[in-house]
Amino acid sequence: MTDSEIEITADLVHDLLREQHPDLAGLAVREVAGGWGNQMWRLGDELAVRMQRMDPTPELQLKERRWLPVLAPRLPLPVPTPVRFGEPSARFPKHWTVMTWVHGEPLDHTSISRGDHAADTLAGFLRALHAEAPEEAPISEDRGAHPKKCTDGFDHFFQAVALDGIADEVRAVWDDAVAAPEWEGPPVWVHGDLHPANVVVSDGTLSGVIDFGSMFAGDPAWDLAAAWVLLPAGAASRFFDVYEHADEATIRRARGLAAMKCLFLMLMGQNGDRGLPGGKPTWGPAGRSALDRVLRDGSM
């Protein structure tokens, strides 16, 4: 059995806790559905164990360990914060991290009913996050670039999903993003992977943001795409009014990146419907609804 094929069970999690953090070993362990690169387990009521699974390197977990304690205190929404480190061992030759649990229901399993409140909340969160990043902040090899450098990825998703008569509109949104001027400001902190499975909802509005493994310093447009990907119809305009700092070029790039993210969600949903590894059936409807918002709510 290779490292990537190691079966992660509640007994394994308990064993690792007993070996490395015995004071936590008495807490109940419950599997959390979802996850691909990492698998999550609830630990008691307030903690979780993030287990490296399919990720080939521990880079994403180590990045969260290094930077989330720096970012979390200034963010207005709960985010998972590392509290204990699990190191590779004979029992499990990969990294694992005990983190705070962010309460709420993932957006791909529920919906936002308080759109104005969610728009204000997301805008406030991203205003706080998008501070100038230090020189030693991580950069991304596959995210953070201008849309014109992401055409291969867009074309792959564009050709892989059925667009039912809206293909020309989607292509026009992307072409406009490619034509938009580049980000001219300093690199800012970017979450980098804001989609419905990476935010949680309580009482009809956003209540937390999770999975910072993709965080990097770069163009905030990669996060501002969430105005369409996460928020309900009609909320994007309010979001950008509250966020305040996005110029026309940034909004154009963000809208194109939102279209690409929607296509990715649709492809993941399609793969889930087909039973393919890593597929997420709930992501398809979320992506299709978000793509409708990209096309319908494009003007700010």
Side-chain contact, heavy-atom cut-off 4.5 Å: Leu68 with Met99? yes
Using ring centroids (six-membered ring only for Trp), state whether Trp222 and His191 fall under 6.0 Å. no
Test: Lys148 and Glu182 ion pair at under 4.0 Å: yes
Distance, nearest 0.5 Å, that separates CD of Glu64 from NE2 of His95: 13.0 Å
What is the distance from atom CG of Leu16 to atom CG of Leu12, rounded to the nearest 0.5 Å? 4.5 Å
Before accepting this row, confirm whether a basic side-chain N of the pair Asp247/Arg253 lies closer than 4.0 Å to the acidic partner's carboxylate O. no
Any salt bridge between Asp120 and Arg238, counting N to O under 4.0 Å? yes
Centroid separation Trp189 to Phe125 less than 6.0 Å: no
Euclidean distance, Arg65 CZ relative to Leu60 CG, rounded to 0.5 Å: 12.0 Å
So, for Tyr243 and His130, is the gap between ring centers shorter than 6.0 Å? yes
Provide the closest heavy-atom pair for Leu267 versus Ala160 in the form atom of the first, atom of the second, distance. CD1-CB, 3.8 Å
Exercise: do Asn198 and His195 side chains pair donor with acceptor under 3.5 Å: yes
Please round to the nearest 0.5 Å and tell me the distance separating atom CD of Gln61 and atom CH2 of Trp96. 10.0 Å
Glu248, CD atom: more than 12 neighbouring heavy atoms under 6.0 Å: no
